[in-house]
Amino acid sequence: MPTVETVRGPISDDALGITYMHEHIFTMSADMQLNYPQEWGDEEARISDAVKKLTALAGSGVRTIVDPTVVGLGRYIPRIARIAELVPQLNIVVATGCYTYNDVPFFFHHRGPALNEALGMELPDPMVDLFIGDIQDGIAGTGVKAGMLKCAIDTPGLTRGVERVMRAVAQAHVATGTPITVHTHPESEQGLVAAKLLDDEGVDPRRVVLGHSGDSTDLDHLSDLATRGFWLGMDRFGINLATTFEARADTVIGMCARGFAGSMVLSHDASCYIDWIDPNLMPMLPDWHYLHLMNDVIPYLKDHGVTEEQLHTMLVDNPRKILSGN
Ligand SMILES: [Zn+2]
């Protein structure tokens, strides 16, 4: 029986159940939090708030979330491990990788391939072994193993830093078989750029989620990516600033009608706490929470012809295939 790594240890892939493939718990600027902890406030209050929200999420029928919070997003596994013990009815799959739209973190500036030119030789990227260690040995001494790899490409495109991270993620994937999720910017068709590089590194598209695909309403572009074998992350339900609830939902409905239910996964990209946004602005995003799919989106999809079978495919079967590789 194929197993999937979660915060509480490996589980059988048939125990994953309804799975949201892209939900953060805490999204934080680690350096800022170390120095300006006022907004975060009381650690215990933040943990009980997260436990409450994740308990409600599990109460809505969701059995598993993938938390793609990696370096650059303030990953801190001891806190997540504590929360996982307090919400035993929810499986949490954590990730390794690096989140940047531009440069690599300064830590990597004078390591590995950055030294190729000066030394006149090809050096391996230390990121690869760090990611593999997170997958095989566990993260930062916690014993919690990563079940997903994560990188990003946004409007700046394939910068040197983005390319370095994406190649390191691809190489860690080839070494371990752990699936990849890529933050993409579908309006500028960055999925195609990622597709080319991942192909160059020998990655099978069927092991890759192109995250935030649901930000686009271009069904032809999305169909092209799905036909190549990629998974489409329709994973920002509730972020209705540049788009609307209906536009996001109608894109899923349109893709189901084209026969692509077997290529999509659903999620919110929500957090219990994110320090990227002035808390006073959060009321502008009233639907951006863990329950929006179950409360609002899925009823709308059903009303517009998406079948129970298609929903099961997107919520259960597709995540299981991605996470187990089966
Ligand atoms: Zn995210």
Side-chain angles (χ1 to χ4, degrees), residues 16-23 61-62 64-66 68 148 152-154 179-196 198-199 203-270 287-288 292-323:
L16 291 168
I18 293 179
T19 300
Y20 289 172
M21 289 295 291
H22 194 128
E23 304 293 350
V62 175
T64 305
I65 59 169
V66 177
M148 196 89 189
I153 182 164
D154 205 274
I180 299 172
T181 188
V182 187
H183 162 109
T184 68
H185 184 263
E187 297 93 326
S188 57
E189 305 197 341
Q190 299 297 340
L192 296 173
V193 181
K196 189 162 177 292
L198 293 170
D199 180 60
V203 177
D204 180 348
R206 283 168 294 193
R207 307 293 292 129
V208 180
V209 183
L210 295 178
H212 314 330
S213 291
D215 288 1
S216 170
T217 54
D218 182 344
L219 297 194
D220 290 339
H221 174 55
L222 297 177
S223 301
D224 174 26
L225 295 171
T227 303
R228 291 164 189 250
F230 290 102
W231 299 96
L232 305 177
M234 315 306 274
D235 53 16
R236 277 178 154 179
F237 277 100
I239 308 183
N240 300 326
L241 288 174
T243 183
T244 63
F245 168 86
E246 287 79 10
R248 286 190 187 280
D250 291 346
T251 302
V252 172
I253 292 162
M255 291 297 285
C256 282
R258 288 188 181 200
F260 289 113
S263 299
M264 292 186 284
V265 289
L266 309 179
S267 212
H268 305 97
D269 198 7
D287 293 329
W288 196 29
H292 178 50
L293 272 166
M294 286 298 180
N295 289 351
D296 309 307
V297 179
I298 288 168
Y300 180 94
L301 297 180
K302 284 185 187 170
D303 283 348
H304 291 78
V306 175
T307 65
E308 291 286 351
E309 192 189 339
Q310 288 170 321
L311 287 167
H312 193 270
T313 298
M314 294 187 282
L315 292 168
V316 179
D317 299 336
N318 294 346
R320 182 179 47 73
K321 287 179 188 172
I322 295 165
L323 290 170

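All values derive from a computational prediction rather than experimental measurement.
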Can you tell me how far the OH atom of Tyr300 sits from the CD1 atom of Ile253, to the nearest 0.5 Å? 5.0 Å
Residues that Asp154 engages under side chain to side chain donor-acceptor pair (under 3.5 Å), provided they are two or more places apart: His183
So, for Val182 and Ala194, which heavy atoms are closest and what is the spacing to 0.1 Å? CG1-CB, 4.4 Å
Can Arg228 and Asp224 be counted as an ion pair, charged N to O under 4.0 angstrom? yes
Say you draw a straight line from CE of Met264 to OG1 of Thr251; how long is it, rounded to the nearest 0.5 Å? 9.5 Å
Below 4.5 Å, heavy atoms only, C-beta onward: do Leu266 and Val297 meet side chain to side chain? no
Enumerate the residue pairs fulfilling ring pair (Phe, Tyr, Trp, His ring centres under 6.0 Å) with a member in residues 246-267, sequence neighbours excluded, ordered by first and then second residue. none
Nearest heavy-atom contact between Asp215 and Pro186 is CB-CG, 3.8 Å
Apply side chain to side chain contact (heavy atoms under 4.5 Å, CB included) to Val316 and Thr19, showing your working. CA-CA 6 Å; Val316 179; Thr19 300; over 6 Å; no
Glu308: partners by salt bridge (Lys or Arg N to Asp or Glu O under 4.0 Å), with sequence neighbours left out: Lys302
Considering all heavy atoms of both residues, which atom of Leu232 and which atom of Ser213 are nearest to each other, and what is their separation? CD2-OG, 3.7 Å
Of all heavy-atom pairs between Asp204 and Val208, which one has the smallest distance, and what is that distance? O-CG2, 3.8 Å
Please round to the nearest 0.5 Å and tell me the distance separating atom CG of Leu222 and atom CG of Leu210. 9.5 Å
Tell me the ring pair (Phe, Tyr, Trp, His ring centres under 6.0 Å) pairs involving residues 218-244, sequence neighbours left out? none
Within the structure provided, determine whether Leu301 and Leu311 are in side-chain contact (heavy-atom separation under 4.5 Å). yes
Report the distance from atom CD1 of Ile153 to atom NE2 of His212, rounding to the nearest 0.5 Å. 13.0 Å
Just jot down the salt bridge (Lys or Arg N to Asp or Glu O under 4.0 Å) partners of Asp218, sequence neighbours excluded, or say none. none
I want to check something: taking the side chain as every heavy atom from C-beta on, are Asp235 and Tyr20 in contact at a cut-off of under 4.5 Å? no
A side-chain contact here means heavy atoms from C-beta on lying under 4.5 Å apart; do Val252 and His304 qualify? no
Spatial distance of atom CG (Leu16) from atom CG (Asp317) [nearest 0.5 Å]: 11.0 Å
Working for side-chain hydrogen bond (donor to acceptor under 3.5 Å, both in side chains), residues Glu23 and Ser267: CA-CA 7 Å; Glu23 304 293 350; Ser267 212; 2.8 Å; yes
With a 4.5 Å cut-off on side-chain heavy atoms, are Met234 and Arg248 touching? no
So do Phe245 and His292 actually touch side chain to side chain, heavy atoms under 4.5 Å? yes
Given the options Asp269, Leu323, Leu315, Met21 meets side-chain contact (heavy atoms from CB on, under 4.5 Å) only with Leu323
Looking only at side-chain N and O atoms, does Gln190 offer a donor or acceptor that is under 3.5 Å from a partner on Thr184? no
Under 6.0 Å between the ring centres of His22 and His268? no
In short, Gln310 meets Cys256 closest at the heavy-atom pair NE2-O, 3.7 Å
How close do Thr181 and Met148 get, counting heavy atoms only, and between which atoms? CB-CE, 3.5 Å
Contacts satisfying salt bridge (charged side-chain N to carboxylate O under 4.0 Å, His left out) that involve residues 254-265 (not counting sequence neighbours) are Asp220-Arg258
Would you indicate whether the side-chain heavy atoms of Met294 and Val62 approach each other to under 4.5 Å? yes
Side chain to side chain, Ile18 and Thr64, heavy atoms closer than 4.5 Å: no
